[in-house]
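As structure tokens, the structure follows; a few thoughts come after it.
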Amino acid sequence: ATPPGPPQIPIIGNILPVNEPWEALRLYALQYGAFYVLRVLSTNIFVVNTVEAASELCETRWSSYSQRIPMKMPELSGMNEGILFETNPLRLRQARRLVALGIGPRELDKYRSQLRTHVVSYLGRLLEDPDEYRRHIRNLPISMMLEIAYGYKSQDDDDPFVLGAKTLVENYAEASSLSNYIVSQSELLVARVPSWVPGAGFQRKAAAWKDQANDITEKVYRFTTTSIAEDTAIPSVVSKALESHDPYEKHVIAKSAMQMVSGGADTTISTITTFVLAMVLYPEVQKKAQAEIDKVVGLDRLPVFGDREDLPYIDALLRELLRWHPPIPTVPRTTTKDDVYEGYFIPEGSFVLINFWAMLCNEEVFLDAKTLKPERWLGVEVTKEIDPLFIAFGFGRRECPAKVMAVELVFTVMIHMLAVFDISKARDAQGIEITPSETFDNGSICAPLPFPCTIKPRSVQHAQVLQQNLEALK
Ligand code: HEM
């Protein structure tokens with residue numbers, strides 16, 4: 001049998017809104033249940049909306065549900081190799097081992113001081129130029145991941161490798177947006193149209209993206225190999241891979257390392273920007289979080305990740321941020337075998353969309369689900385079935401290999417910003433407060449659309465503590 005689903009228009013099938021399509025997918029789930037199907041042009045899309053269904057398919061039946069969709073646009077753009085879109089099982093195994101070797105939970109304490117240095121310098125940039133907060137947020141994970149992946153210490157905002165990685169991240173976001181995902185599945189649209197045909201601009205675009213991606217990937221990789229040869233390398237994922245006994249292919253190392261930079265960038269950029277938006281929209285939450293820091297850490301020092309256990313409210317806030325707006329609302333997979341689920345036939349090669357958003361914004365599980373309420377996590381047993389720190393990072397063999405590090409990075413940024421700054425609504429020329437709308441862009445990794453806000457030190461004393469920490473970095 002075929003799963004239920006919304007009525008289809010001949011040829012076209014179903015039309016998804018361009019803006020925040022995951023919300024339309026969530027609303028369909030209320031009507032058609034945990035597992036339903038839609039059609040976009042000639043592609044059937046099986047949508048999975050509950051943790052139970054996603055666990056059954058991606059964990060228990062992982063051998064059939066662990067493949068990413070070979071996307072035309074990223075393929076033409078040279079983004080299909082490495083780890084993220086790798087389909088070759090041998091290379092994928094190598095790539096995942098490489099990431100675990102580099103940033104697995106046991107490796108993390110080696111990066112803790114690097115991470116803290118990056119976060120303190122980021123606070124310094126916020127202090128100097130708060131209106132440019134989006135630029136500072138973007139640069140933070142990119143420069144940090146360049147150091148962890150390659151041992152490369154960037155100089156400033158105009159650092160050529162930071163700029164190159166930033167461009168790659170932006171191109172990737174466009175190439176992999178959900179609508180591009182779906183439309184680019186059509187061979188007719190993408191692969192068979194010569195690039196010189198007017199209107200086939202996407203091909204020229206893809207070719208330019210590919211050149212850019214190859215260029216920056218090769219340059220940063222060469223930086224590490226040269227520093228190893230000159231004995232100046234600092235330990236990094238790439239240096240460890242090159243020095244290990246495992247026979248990694250160069251191609252796997254170079255592409256996977258760059259995807260750690262790009263995969264680690266937009267996701268954490270999104271979560272940190274969502275945090276800033278939340279602080280603007282929910283000042284009472286910010287006050288409670290700051291009170292917790294003041295009580296536990298005091299004013300003599302900045303907080304550290306090791307304080308996490310004593311900061312349950314901020315821990316709940318992080319969990320709630322990933323529930324309120326997960327940076328990746330849906331993840332597409334393709335099946336590698338025919339399968340039957342709950343009596344429904346899913347042919348090999350089907351497009352399966354795992355809908356985290358429907359799981360995390362489920363009103364039956366989370367009362368008042370659209371509202372940010374860190375309190376909902378206090379004093380309750382947080383099981384896997386409801387935990388955003390599990391759900392928002394994906395399921396089974398393709399789950400995020402960096403989730404422990406991602407949590408550490410975002411938590412470290414949150415406690416530092418809360419300790420030093422007040423984040424509040426900006427005012428317009430008439431002095432009236434501007435309330436940002438809660439709208440997000442439509443990339444496969446989505447972030448709040450730009451909004452103005454005021455970020456200023458909580459007091460002269462707080463600014464001094466930061467200055468001392470900045471001095472100590474010199
Ligand atoms: C808040 C931060 C983050 C979130 C919410 C997040 C979420 C995700 C999700 C949902 C997936 C797809 C899982 C699936 O298919 O089921 C994924 C994959 C991935 N993530 Fe993350 N991620 C985050 C941070 C990071 C960071 C910091 C890195 C840096 C190394 C990273 C590297 C990757 C890679 C390489 C993959 C692809 C794995 C594969 O295809 O096998 N992520 N992430």
Side-chain angles (χ1 to χ4, degrees), residues 22 48 51 54-55 57-59 62 65-69 71 74 79-89 91-104 107-108 111 115 118 140-142 144-150 165 169 172 176 236-237 252 255-275 318-319 321-334 352-357 359-360 387-414 444-447:
W22 48 87
V48 179
V51 176
S55 299
L57 299 177
C58 301
E59 291 172 353
W62 64 267
Y65 290 84
S66 296
Q67 190 88 276
R68 302 228 180 271
I69 295 189
M71 285 164 57
M79 297 177 192
N80 57 327
E81 297 159 320
I83 176 166
L84 211 50
F85 292 107
E86 187 58 73
T87 47
N88 175 313
R91 285 188 173 164
L92 177 63
R93 220 172 310 132
Q94 276 195 22
R96 289 202 60 112
R97 205 170 53 229
L98 177 103
V99 176
L101 171 87
I103 55 166
E107 299 301 310
L108 274 185
Y111 298 119
L115 168 58
H118 281 276
L140 170 68
I142 292 180
M144 196 190 98
M145 288 310 302
L146 280 172
E147 185 168 345
I148 291 177
Y150 295 95
V169 168
Y172 164 77
S176 62
S236 64
V237 176
V252 171
K255 298 252 172 176
S256 305
M258 189 40 86
Q259 285 182 355
M260 284 169 64
V261 179
S262 56
D266 263 352
T267 44
T268 49
I269 290 165
S270 161
T271 315
I272 298 166
T273 314
T274 303
F275 162 70
L318 170 58
R319 207 169 239 121
L321 284 173
L322 286 168
R323 190 200 66 76
W324 188 53
H325 283 293
I328 304 186
T330 60
V331 155
R333 305 268 185 97
T334 184
V352 177
L353 196 64
I354 316 293
N355 190 0
F356 307 136
W357 174 245
M359 301 172 202
L360 294 165
D387 190 357
L389 290 186
F390 167 76
I391 299 167
F393 289 95
F395 292 80
R397 305 263 165 138
R398 298 309 283 269
E399 67 167 4
C400 179
K403 68 175 161 187
V404 180
M405 186 184 122
V407 166
E408 176 154 350
L409 168 62
V410 175
F411 191 81
T412 307
V413 172
M414 286 167 60
S444 58
I445 301 173
C446 60

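Counting begins at 1 with the first residue of the sequence. Note that ligands are numbered from 1 as they come in the structure, with each ligand's atoms numbered from 1 the same way.
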L84, portion touching ligand 1 at heavy-atom distance under 4.0 Å: both

Proximity of I103 to ligand 1 by residue part, where a heavy atom lies under 4.0 Å: side chain

Decide yes or no for [X] and [Y]: does some side-chain heavy atom of the first lie under 4.5 Å from some side-chain heavy atom of the second?
| X | Y | result |
| --- | --- | --- |
| S262 | D266 | no |
| F393 | V407 | yes |
| K255 | R91 | no |
| R398 | L92 | yes |
| F275 | V410 | no |
| L389 | K403 | no |

Considering only the protein, which heavy-atom contact is closest to [atom], and what is its distance?
| atom | answer |
| --- | --- |
| atom 13 (C) of ligand 1 | R398 O, 3.0 Å |
| atom 22 (N) of ligand 1 | C400 SG, 3.2 Å |
| atom 27 (C) of ligand 1 | G264 CA, 3.4 Å |
| atom 24 (C) of ligand 1 | T267 OG1, 3.2 Å |

Residue V331 vicinity, atoms of ligand 1 by number, heavy atom under 4.0 Å: 12 (C), 14 (C), 15 (O)

Distance filter under 4.0 Å to I328 heavy atoms, resulting ligand 1 atoms: 7 (C), 8 (C), 9 (C), 10 (C)

Between CD1 on residue I272 and CE on residue M414, distance to nearest 0.5 Å: 10.0 Å

Applying a strict 4.0 Å limit to heavy atoms, is [X] in contact with ligand 1?
| X | result |
| --- | --- |
| R68 | yes |
| F85 | no |
| I83 | yes |

From CA spacing to verdict: side chain to side chain contact (heavy atoms under 4.5 Å, CB included), Q259, E86: CA-CA 11 Å; Q259 285 182 355; E86 187 58 73; over 6 Å; no

Distance-only N or O hit between ligand 1 and [X], under 3.5 Å:
| X | value |
| --- | --- |
| R397 | no |
| F395 | yes |
| R96 | yes |

Of the listed options P401, S66, A265, G263, closest to atom 36 (C) of ligand 1 (non-hydrogen atoms): P401

Candidate with minimal heavy-atom separation from atom 16 (O) of ligand 1, of M405, R333, E408: R333

Flag, side chain of R333 to backbone of I354, donor-acceptor distance under 3.5 Å: no

Aromatic ring pairing F390/F395, orientation class (parallel under 30°, perpendicular over 60°, tilted between): perpendicular

